[in-house]
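Input: a single structure, listed below in structure tokens.
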Amino acid sequence: MTLKLYNTLSKKKEDFVPLQGKEVKMYACGPTVYSYPHIGNYRAYVFEDLLRRYLEYKGNKVTLVMNITDVDDKTIKASGGDKSKLTSITRRYEKAFKKGLSILNIKSADEYPRATETIDEMVELIETLLEKEYAYKTDDGSVYFSIEKYSKYGRDNLVQLDPKSMRAGERISEDEYDKEGIRDFVLWKAWKEEDGDIFWETSLGKGRPGWHIECSAMSMKYLGEELDIHCGGVDNIFPHHENEIAQSEAASGKKFVKQWMHCAHLIYEGEKMSKSLGNIILLEDLTKKYSPEAIRLALLSTHYRSQLDLTDKKLKEAEGNIQKITAFRQRMKRIRGKGRFDDVKLSATSSVNLSAGRSIKFQPDFEEALDDDLNISEALSALYRTMREANILSDENDIGKDEAVQYVHQLDEFDKMLGILPEKEAEIDESVYEKIKEREDARLAEDWALSDKIRDELFEMGYNLEDTPHGTIPKRKK
RNA sequence: GGCGACGUACCCAAAUGGCUAAGGGAAGGGUUUGCAAAACCCUCAUUCACCGGUUCGAAUCCGGUCGUCGCCUCCA
């Protein structure tokens, strides 16, 4: 089965074939660490995580690089031009960002290069562009990329641009720099008074890098001049990624990125999150009410190219589904579990080997769905359908432990991509089982008062009980 | 003004030319249960914003209308 991915470059789904064998070089635009990342930021990282995990599932070795933008207009402004303050601010938010990644079970990138630690590479790249005359220096010492020189700019690329139609007037008047062309973008920003002691003394002069150049420099440093996949949020398509293509390809003469992928935005309760509306939602705002797994599932369950309206209702739904899935896994495990709960009769049909027609068949459906540009809805649908099948078998006492183990195993396989099962199931204390046994005895004696009392006790301890044909199952309350 | 996306049941959300329009949630009814919980079963869009057109055949293609949204400026 071939993986098809939508390419922003061609505006079509394309078969994904890595440039080299099974090696996938992947670059994802990371955060600018000037404040706490909000839940919308994390949507993009969750999408990239799904992509990365799926590529790995398909047998690829993925090398993922994600930049940390720790110097730019916003971070400098926040630091008031104080370099040590800049560092302390950016490190704080970088830490918060990474903590969020781990909460949401997002696998770590191989590298998280910081802009401030990649200055040499950026300068080198800008020097190359100057040599090739794709860039020019202005009187104040800044360096710009010349769109006029680079004739391929904006044509047959991510966006179709007609330079004549651009609203030039407004921009020129707003721009304090001396550019030759209205669309030229800055590679190197000469030092200004407000920058304070935040500058680098380089062959280009005293100043700091522009924003776009860092991704080109970092990706080249860690992944080479040609990447398989570059992803980010849709807002990055223009101008950021368009500019990256121009400067990278102008410098290297090679095709920069084979596959561009962009994640649509998240809005919250029907509104775009913005500071002015005061509705910026941070991950920690949600973790107070919902489990990380539910948040992750909610972010995951809308296809990445559709705008996601995150609502309280949706998060509740996700929480319910997480419960459903974990309960299912427990149920299947229980069928071969310990103690008195595992003595399920092995019927003829369910014995040992999976026979034809009784095989677990969500694997092809699931994979086929994700092969189609990560169609998560279809994939989850396959998952739910299979859970129902297995639950029916279990209800009918028509499932053997070998088969149940297969279901658990299969679920775990899919969770390698979904990442929504809790890390490990918390061990349930022996005393809980003892109380359950007491209650079982009470129930056999039809002492309902005692039975209910024990149930209440366990409820207080944090467990809900389920009486099933296979015995009573304690479920940890969320 | 330019570029682009979308509009499927009460809600979320797939299916992009052809069998009965997935799946999840909510709701109602039922099986099961000492009671509960969970699980399971049934019901829930003759219809895919609206109007035309192409086609043997369209939610899916084309044109128009209305509506929602994004980008064009820092932004995942």
Side-chain angles (χ1 to χ4, degrees), chain A residues 8 11 28-32 34-35 37-48 66 69 72-75 77 97 154 158-167 170-171 174-175 183 211 231-240 242 262-267 270-275 297-298 301-311 313-314 316-321 323-324 327-328 330-331 365 369 372 375-385 387-396 442-443 446-449 451-452 455-456 459 464-469 472-473 475:
Chain A
T8 315
K11 314 276 186 293
C29 276
T32 299
Y34 72 107
S35 69
H38 57 67
I39 194 65
N41 299 124
Y42 283 113
R43 185 205 183 183
Y45 306 132
V46 167
F47 145 65
E48 285 150 9
M66 180 180 278
T69 302
D72 79 321
D73 292 343
K74 287 190 292 275
T75 47
K77 197 175 170 193
F97 160 70
L158 296 172
V159 286
Q160 261 68 57
L161 287 176
D162 174 9
K164 293 186 190 79
S165 73
M166 288 188 239
R167 295 200 288 182
E170 292 173 38
R171 309 208 27 172
E174 279 171 13
D175 204 314
R183 272 291 170 185
W211 173 43
C231 34
V234 284
D235 49 86
N236 282 143
I237 294 175
F238 188 86
H240 185 52
E242 197 63 57
H262 295 95
C263 180
H265 276 175
L266 173 149
I267 60 174
E271 277 183 328
K272 185 181 176 172
M273 286 191 288
S274 75
K275 288 209 166 113
L297 180 60
S301 49
T302 295
H303 184 83
Y304 75 93
R305 282 193 287 122
S306 297
Q307 179 175 272
L308 163 63
D309 185 5
L310 191 66
T311 59
K313 195 174 171 186
K314 196 170 274 177
K316 280 195 184 116
E317 246 182 72
E319 194 74 76
N321 280 323
Q323 297 260 343
K324 188 182 177 125
F328 171 76
Q330 273 183 6
R331 186 180 193 184
D365 289 350
D372 182 17
N375 189 333
I376 191 72
S377 304
E378 288 280 10
L380 290 173
S381 166
L383 182 65
Y384 292 127
R385 283 200 309 270
M387 289 200 310
R388 188 162 64 227
E389 273 174 34
N391 276 326
I392 291 170
L393 295 179
S394 180
D395 273 2
E396 291 168 353
R443 290 180 71 211
E446 297 191 12
D447 183 351
W448 309 125
S451 165
D452 290 349
R455 182 161 62 195
D456 290 344
F459 186 82
N464 275 322
L465 297 190
E466 284 180 23
D467 296 328
T468 75
T472 298
I473 298 176
K475 277 178 65 184

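In what follows, chains are A, B, ... by sequence order, proteins preceding strands, each numbered from 1.
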query: B/rC74 C1' sits how many Å from A/H38 NE2, rounded?
result: 12 Å
message: Both A/S301 and A/G30 contact RNA chain B. Taking the nearest nucleotide for each, which residue is further toward the 5' end?
response: A/S301
task: Calculate the interatomic distance between A/L308 atom CG and B/rG24 atom P; express it in whole Å.
output: 20 Å
- request: Quote, to the nearest angstrom, the P distance that separates B/rA45 from B/rC62.
  value: 30 Å
message: Could you work out, with side-chain hydrogen bond (donor to acceptor under 3.5 Å, both in side chains) as the rule, every residue matching A/S451, not counting sequence neighbours?
response: A/R439
task: Could you tell me the separation between the CZ atom of A/R385 and the C1' atom of B/rG25, rounded to a whole number of Å?
output: 17 Å
query: What nucleic acid atoms does A/D73 come within less than 4.0 Å of, heavy atoms only: base, sugar-phosphate, or nothing?
result: nothing
Shorter than 3.5 Å, N or O on both sides, protein versus nucleotides 5-12 of chain B: list them out with atom names.
residue : atom : partner : partner atom : Å
B/rC12  : O3'  : A/K314  : NZ           : 3.4

message: Between B/rA13 and B/rG7, how far apart are the two P atoms, rounded to whole Å?
response: 10 Å
- prompt: Is a side-chain donor or acceptor of A/S394 paired with a backbone partner of A/A390 at a separation under 3.5 angstrom?
  reply: no
- request: Locate the shortest heavy-atom distance separating A/A382 from A/D365; write the atom from each residue and the value.
  value: CB-CB, 3.7 Å
- prompt: Say you pick atom P in B/rU65 and the same atom in B/rG29; how far apart are they, in whole Å?
  reply: 48 Å
query: Is there a donor-acceptor pair under 3.5 Å between the side chain of A/K314 and the backbone N or O of A/A298?
result: no
- request: Answer yes or no: is there an ion pair linking A/D395 with A/R331, defined by an N-O contact shorter than 4.0 Å?
  value: yes
message: From CD1 of A/I376 over to P of B/rG24, roughly how many Å is that when rounded to an integer?
response: 15 Å
query: So how far is it from A/C29 SG to A/E48 CD, rounded to the nearest 0.5 Å?
result: 8.0 Å
- line: The salt bridge (charged side-chain N to carboxylate O under 4.0 Å, His left out) partners of A/D372 (sequence neighbours excluded) come to A/K13
- request: For nucleotides B/rU55 and B/rA14, find the distance between their C1' atoms and express it as a whole number of Å.
  value: 25 Å
For nucleotides 15-19 of chain B, give me every protein contact, N/O to N/O, under 3.5 Å, one pair per line with atom names.
residue : atom : partner : partner atom : Å
B/rA15  : OP1  : A/N375  : ND2          : 3.0

task: Pick the P atom in B/rU33 and in B/rA27, then give their distance to the nearest Å.
output: 24 Å
statement: note: A/Q307, atom CD; B/rA13, atom C1'; distance rounded to Å ~ 14 Å
query: Where each pair must be Watson-Crick or G-U wobble with both distances under 3.5 Å, what dot-bracket representation of RNA chain B is obtained, with crossing pairs in [ ] and other-strand partners as |?
result: (((((((..(((.....[....))).(((((.......))))).....(((((..]....))))))))))))....
- prompt: Listed by chain and number, what are the ring pair (Phe, Tyr, Trp, His ring centres under 6.0 Å) partners of A/H265, not counting sequence neighbours?
  reply: none
message: Taking any heavy-atom pair under 4.0 Å as a contact, classify A/G232: base, sugar-phosphate, or nothing.
response: sugar-phosphate
task: Please identify each residue that fulfils ring pair (Phe, Tyr, Trp, His ring centres under 6.0 Å) with A/F97, with sequence neighbours left out.
output: A/Y45
- prompt: Any idea which heavy atoms bring A/G233 and A/H262 closest together, and the distance?
  reply: O-CD2, 3.5 Å
query: Under a 4.5 Å cut-off applied to non-hydrogen side-chain atoms, are A/V46 and A/R43 in contact?
result: no
Sub-3.5 Å pairs of nitrogen or oxygen atoms, protein against nucleotides 33-37 of chain B:
residue : atom : partner : partner atom : Å
B/rG34  : O6   : A/R439  : NH2          : 3.4
B/rG34  : O6   : A/S451  : OG           : 3.0
B/rG34  : N1   : A/D452  : OD1          : 2.9
B/rG34  : N2   : A/D452  : OD1          : 3.4
B/rG34  : N2   : A/D452  : OD2          : 2.7
B/rC35  : O2   : A/R455  : NH2          : 2.6
B/rC35  : N3   : A/R455  : NH1          : 3.1
B/rC35  : N3   : A/R455  : NH2          : 3.3
B/rC35  : N4   : A/D467  : OD2          : 2.9
B/rA36  : N6   : A/D467  : O            : 3.2
B/rA36  : N1   : A/D467  : N            : 3.1
B/rA36  : N1   : A/D467  : OD2          : 3.4
B/rA36  : N3   : A/R455  : NH1          : 3.0
B/rA37  : N1   : A/D467  : O            : 3.1

query: NE2 of A/H303 to CG of A/L308: how many Å apart, nearest 0.5 Å?
result: 12.5 Å
- request: Using the test salt bridge (charged side-chain N to carboxylate O under 4.0 Å, His left out), find all partners of A/K316 that sit at least two apart in sequence or belong to another chain.
  value: A/D312
N/O-N/O pairs, protein side and nucleotides 39-44 of chain B side, under 3.5 Å:
residue : atom : partner : partner atom : Å
B/rA39  : O3'  : A/N391  : ND2          : 3.3
B/rA39  : O2'  : A/R331  : NH1          : 3.2
B/rA39  : O2'  : A/D395  : OD1          : 3.1
B/rA39  : O2'  : A/D395  : OD2          : 2.8
B/rC40  : O4'  : A/D395  : OD2          : 3.1

query: If you measure from the C1' atom in B/rU16 to the same atom in B/rC61, how many Å do you get, rounded?
result: 9 Å
Qualifying residues under salt bridge (charged side-chain N to carboxylate O under 4.0 Å, His left out), relative to A/K74, sequence neighbours excluded: A/D72
- request: Could you give the distance separating B/rU60 and B/rC6 at their C1' atoms, to the nearest angstrom?
  value: 15 Å
task: Just jot down the salt bridge (charged side-chain N to carboxylate O under 4.0 Å, His left out) partners of A/R443, sequence neighbours excluded, or say none.
output: A/E440, A/D467
message: Distance check, rounded to the nearest 0.5 Å: A/M387 atom CE versus A/L380 atom CG?
response: 9.5 Å
message: So which atom in A/C263 and which in A/A44 form the shortest heavy-atom distance, rounded to 0.1 Å?
response: SG-CA, 3.9 Å
- prompt: Rounded to the Å, how far apart are A/D72 CG and B/rC74 P?
  reply: 11 Å
Whole-Å gap separating P (B/rG25) and CD (A/Q323): 12 Å
task: Please work out if A/G320 contacts a base, only the sugar-phosphate, or nothing of the nucleic acid, heavy-atom cut-off 4.0 Å.
output: nothing
message: Please report the distance, rounded to the nearest Å, between CZ in A/F238 and C1' in B/rC72.
response: 7 Å
- request: State whether A/K272 places a side-chain N or O below 4.0 Å from either non-bridging phosphate oxygen (OP1 or OP2) of B/rC71.
  value: yes
message: Let me confirm one number: the OG1-CE distance from A/T69 to A/M66, rounded to the nearest 0.5 Å.
response: 11.0 Å
message: Please give the distance between the C1' atoms of B/rG23 and B/rC50 as a whole number of Å.
response: 28 Å
